[in-house]
Amino acid sequence: MSFLGDPWHFVSSASSFSPTACRFDSGDSSEMARTIGTPTNVDKWTCSWWQKRQTAGFYEVVFSGHTSGSSVDQIFHHQADNTIRWEAQDGGSSYSVYSTSGYGSGTWRHYVLHYDSGNATSTDRLNWFINGSQLSESTRYSGHPASGRNSQANTSGATFNIGHDPTYNGNSNSKFSEFAFIDGSILAPTTFGQDDGGTWKAKAFADDVTFGNNGFYLNFSNADALGEDFSGNDNDFTLSNIASDHQETDDVPPKV
């Protein structure tokens with residue numbers, strides 16, 4: 001598997017890097033949403049985020065992309081086993097790739113998801129990583145994405161929701177940090193974090209990647225506009241039931 005990335009300088013240097021987080025509350029239906037523009041590559045993207053779940057055993061949506069009730073990509077923790085899952089539906093076709101282990105509450109973890117439906121190797125069309133390590137995977141329905149399947153998380157005119165899935169009415173009880181979407185490239189987890197004495201830590205990365213047309217970087221540093229995109233693309237998110245008091249500056253991921 002190859003990892004791609006080109007220098008692109010937009011945000012502050014590594015010396016000033018300091019993670020900030022945003023709290024999502026399911027009871028208030030907290031969410032962020034934006035309409036997706038023309039993609040660099042509808043079939044290829046990387047998503048990276050840090051997450052601290054507040055509630056285990058809960059159908060917890062990380063993000064979703066959807067164009068209608070029957071066309072959706074959703075990323076969530078399953079309520080029965082706490083596995084992290086990608087599930088998708090296009091009319092009568094359904095897909096699912098999920099971890100063989102569960103991931104509970106109370107711990108910051110770094111997640112990376114690769115979507116590459118143009119990959120000739122079917123099992124590399126979607127891969128999961130946590131804290132830098134690739135996960136063992138299980139599948140159901142049709143398993144990995146079909147060759148050339150357009151992701152609803154990167155389709156022009158679709159809606160990208162963080163913390164909510166309108167199709168299945170799921171929400172999130174989590175804190176998120178360093179949430180980035182890279183349109184058109186598959187990037188290694190080491191782009192976003194690194195092992196530091198046995199602990200996986202966040203690092204500055206935004207100067208060193210090409211975000212692509214629909215790429216965004218939410219670092220949650222602006223309490224008055226927690227949906228502000230710092231990638232340089234101005235792909236800002238509209239907030240619902242998220243105010244400045246949802247910013248977290250003390251409970252954040254470890255940094256290099």
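For the numbers below, each heavy atom of this structure counts, side chains included, while hydrogens, waters and symmetry mates do not. What you are looking at is a predicted structure, and each value in this text was computed from that prediction instead of being measured.
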Quiz item: So Glu178 and Lys255, side-chain contact (heavy atoms from CB on, under 4.5 Å) or not? Walk me through it.
Solution: CA-CA 11 Å; Glu178 294 293 295; Lys255 70 170 184 174; over 6 Å; no
Self-check item: Evaluation steps, side-chain hydrogen bond (donor to acceptor under 3.5 Å, both in side chains), between Asn241 and Ser29
Solution: CA-CA 7 Å; Asn241 301 310; Ser29 300; 5.3 Å; no
Quiz prompt | Intermediate values then yes/no, side-chain contact (heavy atoms from CB on, under 4.5 Å), Ile36 and Thr155 | solution = CA-CA 6 Å; Ile36 300 169; Thr155 292; 5.6 Å; no
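Taking CH2 from Trp49 and CD1 from Ile162, the interatomic distance works out to 10.0 Å, rounded to the nearest 0.5 Å. For the atom pair CG (Leu239) and NE2 (His246), the distance works out to 10.0 Å, reported to the nearest 0.5 Å. Distance check: His164 NE2 to Met32 CE gives 14.0 Å after rounding to the nearest 0.5 Å. One distance of note links CG of Asp234 with CG of Asp229; it measures 6.5 Å at 0.5 Å rounding. Between the CD1 atom of Ile242 and the CD atom of Glu31 there is a distance of 8.0 Å, given to the nearest 0.5 Å. In this structure, OG in Ser172 is found 12.0 Å from CG in Asn161, a value given to the nearest 0.5 Å.
Using modelled atom types, one finds no donor on one side chain facing an acceptor on the other under 3.5 Å when comparing Arg109 with Asn131. Judged by distance alone, the side chains of Asp224 and Ser244 never bring a donor and an acceptor atom under 3.5 Å apart. Side chains of Asn154 and Asp183: a donor-acceptor N/O pair is present below 3.5 angstrom, by distance only. Side-chain polar atoms of Asn119 and Asp124 form no donor-acceptor pair below 3.5 angstrom. If you check the side chains of Ser151 and Asp73, you find a donor sitting under 3.5 Å from an acceptor. Under the 3.5 Å distance criterion, with hydrogens and angles disregarded, no donor-acceptor pair is assigned to the side chains of His77 and Asn82. No side-chain donor from either of Ser30 and Asp28 sits under 3.5 Å from a side-chain acceptor of the other. A donor and an acceptor atom, one from each side chain of His144 and Glu137, are located under 3.5 Å apart.
The aromatic rings of Tyr59 and Phe76 lie perpendicular to each other, with more than 60° between the two planes, well past the 30° mark. In this structure, Phe63 and Phe179 have perpendicular ring planes: the angle between them is above 60°, well past the 30° mark. Ring-plane geometry between Phe205 and Phe192 is classed as perpendicular, the angle between the planes exceeding 60 degrees on a 0 to 90 degree scale with a lower cut at 30. The aromatic rings of Phe237 and Phe216 lie perpendicular to each other, with more than 60° between the two planes, well past the 30° mark.
Two residues are said to be in side-chain contact when any heavy atoms from C-beta on lie closer than 4.5 Å; Lys44 and Ile186 meet this criterion. Proximity of Asn214 to Arg34: side-chain heavy atoms (C-beta onward) are separated by under 4.5 Å at one or more points. Between Phe211 and Ser185, every side-chain heavy-atom pair lies at or beyond the 4.5 Å cut-off. You'll find the side chain of Val209 reaches within 4.5 Å of the side chain of Thr191, heavy atoms only.
For Tyr217 and Phe181, the ring centers are positioned 6.0 Å apart or more. Remark: aromatic rings of Phe129 and His114 are close, center separation under 6.0 Å.
Between Phe230 and Ser221 the shortest heavy-atom distance is CZ-OG, 3.4 Å. In this structure, Thr83 and Asp81 approach most closely via the heavy-atom pair OG1-OD1, 2.7 Å. Looking at every heavy atom in both residues, Ala202 comes nearest to Trp50 through N-CZ2, 3.3 Å. The nearest pair of heavy atoms linking Gly184 to Asn41 is CA-CB, 3.9 Å. The heavy-atom pair separating Trp200 from Pro189 by the smallest distance is CZ2-O, 3.7 Å. Here the closest heavy-atom approach between residue Ser231 and residue Asn233 is recorded as OG-N, 3.1 Å.
Note on Phe24 and Tyr111: same hydrophobic cluster, where clusters join Ile, Leu, Val, Met, Phe, Trp and Tyr whose side-chain heavy atoms are under 4.5 Å apart, directly or indirectly. Under a hydrophobic clustering in which Ile, Leu, Val, Met, Phe, Trp and Tyr are joined whenever their side-chain heavy atoms come within less than 4.5 Å, directly or via other members, Ile75 and Phe160 fall into the same cluster. Hydrophobic clustering places Leu218 together with Trp45 (ILVMFWY residues linked when any side-chain heavy atoms are closer than 4.5 Å, directly or through intermediates). Ile130 and Phe176 fall within the same hydrophobic cluster, defined by Ile, Leu, Val, Met, Phe, Trp and Tyr side-chain heavy atoms under 4.5 Å apart, directly or through other members. Taking hydrophobic clusters as Ile, Leu, Val, Met, Phe, Trp and Tyr residues chained together by side-chain heavy-atom distances below 4.5 Å, Tyr115 shares a cluster with Leu113.
Paired with Ser174 under the rule side-chain hydrogen bond (donor to acceptor under 3.5 Å, both in side chains), one option of Gln51, Gln54, Lys52, Arg23 passes, and it is Gln51.
Under 4.0 Å is where a charged nitrogen must lie from a carboxylate oxygen, and between Lys175 and Asp251 at least one such pair does. Taking 4.0 Å as the cut-off between side-chain N and carboxylate O, Arg125 and Asp116 do not count as a salt-bridged pair. Here Arg149 does not pair with Asp43 in a salt bridge; the nearest charged N to carboxylate O distance is not below 4.0 Å.
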Could you pull out every donor-acceptor pair under 3.5 Å between side chains of residues 94-107 and any protein atom, sequence neighbours left out?
residue, atom, partner, partner atom, Å
Ser96, OG, Glu87, OE2, 3.1
Ser99, OG, Ile84, N, 3.1
Ser99, OG, Ser101, O, 2.7

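Between the side chain of Asp165 and the backbone N or O of Thr167, at least one donor-acceptor pair lies under 3.5 Å. Remark: side-chain polar atoms of Asn235 are paired, donor with acceptor, to backbone N or O of Asn213 under 3.5 angstrom. Put simply, the side chain of Asp90 never gets that close to the backbone of Ser71: no donor and acceptor are under 3.5 Å apart. Between the side chain of Gln247 and the backbone N or O of Ala21 there is no donor-acceptor pair closer than 3.5 Å. Formation of a donor-acceptor pair under 3.5 Å by the Thr121 side chain with backbone atoms of Thr123 is not found in this model. Using modelled atom types, no side-chain atom of Thr35 and backbone atom of Ala158 make a donor-acceptor pair closer than 3.5 Å. No donor-acceptor pair under 3.5 Å is formed between the side chain of Glu60 and the backbone N or O of Val62.
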